[in-house]
Q: 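Once you've had a glance at the structure underneath, I'll fire off some questions.
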Amino acid sequence: MMPIFALQRSYKYMMYATKQPSLRIKQADLKCKNGCGYYGNPDWGGYCSKCYRGTMEKDRHHRKSHSDQSRSPVAGFSKFEEKKRQQTDKKSKYLNFAPVFRKTSAAKDVGRPERHHESRHINPEMQKLELEYMSYIHLGKQVRDDFFKFVKFFNVNIRNEVSSRPIEEVAAAAQKYYNFFANRINTHEIYAKAEQDVKDHLIDFFEKFSMTLLYGILFCPHATNDEEKDLAIQRRIRQLSWVNAHHLDCCISETSMEVRDLVYAAITHLLGMDSVKAPQEKLSYVVRCCQSVVEVLQHCQGGPVSADEFLPALIFVVLKANPARLKSNILYVTRFCNDTRLMQGEGGYYFTNLCCAVSFIENLTAESLNMSEEEFQGYMSGTITSVSAWESALVACEGMHQLCEHLSQLKGLSERMDDVQDATQSLRESMEAFKKEINTKVVEIRESTPLIIKPRKVPISLDKQDSNTTNLPSPIAPTVIATNPVSEHLEPVTIPITIDTVTDETDHDQGSVRHFYAQNLAAQELNLNDSKKGKLQLDITTPCMPIDTLKQSQSIELHGYDTQSLDGFITPDDGSLLGLSNINYDIDLSDLSADNSAADELTPEKRKSPNFIVDPFSPLNAPCNISQSPLIPSTAADLASSSNTDLKSDGFVLPFKIEESNLLDTQESSSPVNLPSPIKPHAPHYSGFSTQGVQFRVSPVILVIIIR
Amino acid sequence: MANNVHNFKVVLVGEGCVGKSSLILQYIENTFNSSHITTVQASFLTKKLNIDGQRVSLAIWDTAGQEQFHALGPLYYRNSNGAVLVYDITNESSFPKVKVWVKELRKMLGNDVCLVIVGNKTDLEKERHVNLQEAEQYSEAVGAIHFQTSAKLNEGVEDVFLALTNKMLEQAAKQRSRSETLERQGSQRRNVIIVDDEETAAPPTSSKQCCSHS
């Protein structure tokens, strides 16, 4: 109940604070509280003199009936105290009359009626305390008497000292008494029966009892300037009302409803501190407040809460609560709380934190909030105003509050929006980078492993050749050239050859194979003379010769390509017989493979070739093959390892092989009608070679010899 | 009772993020960064120990280590029996801070306060930036015990508080013997007061009556 009341009070007070101080007092405020129509007096609790006397009478009566049962020897003190307090109250009122016209007096206006309230109900409070003592009544009459004797003694001594000595000395004396009483309880035989924790409780209760009685004179004593300090800190906190959780680097989210409720609970407890009298009760309120703060933090961040997070949050709560008489309360607890007992435990720790928070607030500078001096001054002087959701919640205007709440929510949303945009930006960038990377990789790969369109594999089937033995004389005859040393230069060679072939073709129209051979041989000789590489040329020329229909240009092309393709063959070769033998051997192998597998593949090729029957030595086929061959001279060696099976077997052989296969194909496909005569004479020789590679090598030699 | 139980207040100081809270949580709860921690707050914790039959109750006060709260230190140190000064071995700037605190503590509490300097985060030995030798030398120079711990791996955490407690017990014994004589004087004075009390017990009752009647 009490805390809620205090909270309401504080809010009312806050609203006062926001209003301009007004000197106008409403008519209704001046009237008697009883509503009798006469004017009331604040000294009489807002009653008129008549009503006040009536209530007092009633009160006294009420009290008497209660206290008759358990009259405490101390009860008298409360009367005395009440009287004294009334006097001092009046005194302080007069002393502080001037501030009534100041804004800050609002706090006192709020506090004052309570004091009246207290003073009138002091006896019920005493009764409550006495009732509380009932829990120790089982300790016996002796204990009770001793306890109250001590309380009385303590009372009197402190009262005497307050008037004559500074408050610090009184506090020291009080601590001494506490210790003394604790010693007595622990040692005296009267208390021997009591258990340890009962003793401890009794010690605490002693403090509570005495301090409740002495509250009036010890809380905010006149000799001190505690009240001034209260006002100072209150003013200070009000000036710092713009400080929010963000400034303090604490993670309290001001807009969350649950968090706000928890913070309200903390504030309520903090304000409740002023509503109780005993130091230990005040401490317990501080502890409750701090536990709420811990809860808030846990709600906001999770996990155990350390001091690093706790203190800023507590500062925030203190700033937002702005408790009445904060400094007086702190000083009172510091002075009169049992140092050895209560200040050691959790209460002591949290109280110390509260002191730290207050101290921080008092000494707060721009630096401690991590902001520039100008900004700080701007806030302090009000030139910069921050609208926080927290502040607006305290302002009664609902619309305003919602507005602020929405603003802060929007702020959060826009922050998140920014985050999202940043994320998308970075995503986009990474996508770009990825794209680029992929592109460069692709280019790299394409460069390092260029796309090579393999030639259509034209299997060589020697068996077929065997069957068409008639077809193959002329092309092989040139292979004899292997005997001739092979030279590196092809280009110069080709030209003369082509010329030759052209002439050959023209000649060939007449159909004399012999003549062709003669020509061919002549050309070969020429080639040999020119570049010592006649064999290849001869190879090339032979297929061309039978082609009557081909244009010269085609034939030329064919030759050009052939020579090039031959390049591949030649370059690796050192020349002479050795190279040739190798080649022959390879051919044999491929032939064998063709027997098994490639023969089938060959068939489509064969099917195809009949279409071109017109030109049996199909230059079309030849160029096709040749077209790949240009790659070979440069890359054949490199590609030896690549997937190209033909090349793999041995790159340099390929051209030869292809050529030969072409030849074979054409020979096969071509009807014997086309090329009977030239081939036939040599056919028997050829069949002999094809079956055995070794022989193949030998026969050209023979041929060459013949030619020569 | 008071004779048997020693109540010691230990403050835990150190820059932010050096692992003060982890250290005491590891000590009290034997957990690190775990979600099973029962304490909701790691700022004030108590631990009861029994050392050679002497019952000790440690009240460990965590302090806010941020720079802006530095000035509040003395409020925390008041009446503390021991202090654990924590620095982060991977953070060079955290060690000079320890020196500042040592000075402050010595100034405020004199030589009565027992100091332990703790280099935390030894699990990050690779990233060490504070020279071990230097730290040990300094600790010796100011009369503090030096320890290295890893709150994460629970290495040496127990030792820190055990050593500190032993030291505080020694200190307490020393103080008691020293104040024995003073104590006697004090108790005598109190006896006088008691006599006072017996005598003055009567007057208030009478005054009460006159008050109530008036």
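Worth knowing before you read on, the calculation uses all heavy atoms, side chains too, and leaves out hydrogens, waters and symmetry mates. The sequence lines fix the lettering, A, B, ..., with proteins before strands; numbering per chain opens at 1.
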Q: Assess whether atom NZ of B/K152 is packed by more than 12 heavy atoms of other residues, nucleotides or ligands within 6.0 Å.
A: no
Q: As an exercise: rank A/S359, A/A182, A/S368, A/C356 by heavy-atom pairs under 4.5 Å with chain B and give me the winner.
A: A/C356
Q: Show your reasoning for whether side chain to side chain contact (heavy atoms under 4.5 Å, CB included) applies to B/F69 and A/I315.
A: CA-CA 11 Å; B/F69 302 129; A/I315 292 168; 3.5 Å; yes
Q: Which one wins on heavy-atom pair count under 4.5 Å against chain B: A/N363, A/N353, A/L364?
A: A/N353
Q: Can you name the closest pair of heavy atoms from B/L72 and A/L311 and give their distance?
A: CD1-CD2, 3.8 Å
Q: Got a second to check how far B/Y77's OH is from A/T352's OG1, nearest 0.5 Å?
A: 13.0 Å
Q: Report which part of A/Y350 has an atom under 4.5 Å of a heavy atom belonging to chain B: side chain, backbone, both, or neither.
A: side chain
Q: Mark yes when over 12 heavy atoms from residues, nucleotides or ligands other than A/H201 sit less than 6.0 Å from its NE2; otherwise mark no.
A: no
Q: Heavy-atom cut-off 4.5 Å, strictly under: side chain, backbone, both or neither for B/T46 against chain A?
A: neither
Q: Is the count of non-hydrogen atoms from other residues, nucleotides or ligands lying under 6.0 Å from A/E375 atom CD greater than 12?
A: yes
Q: Taking atom NZ as the centre, does B/K103 end up with more than 12 heavy-atom neighbours from other residues, nucleotides or ligands that are less than 6.0 angstrom away?
A: no
Q: Restricting to non-hydrogen atoms, name the atom on A/S306 and the atom on B/S21 that form the minimum distance, rounded to 0.1 Å.
A: CB-OG, 2.6 Å
Q: Using a 3.5 Å distance criterion without hydrogens, assess whether the side chain of B/Q68 forms a donor-acceptor pair with backbone atoms of A/E367.
A: no
Q: Give, for atom CD of B/Q66 and atom CG of A/N370, the distance between the pair rounded to the nearest 0.5 Å.
A: 10.0 Å
Q: Parallel under 30°, tilted from 30 to 60°, perpendicular over 60°: which one fits the rings of B/Y76 and A/Y349?
A: tilted
Q: Distance-only, no hydrogens or angles: does the B/D62 side chain make a donor-acceptor pair with backbone N or O of A/A307 under 3.5 Å?
A: yes
Q: Is chain B contacted by the side chain of A/L369, its backbone, both, or neither, given a heavy-atom distance below 4.5 Å?
A: neither
Q: Go through A/A357, A/P312, A/C290 and name the one with the most non-hydrogen pairs under 4.5 angstrom from chain B.
A: A/P312
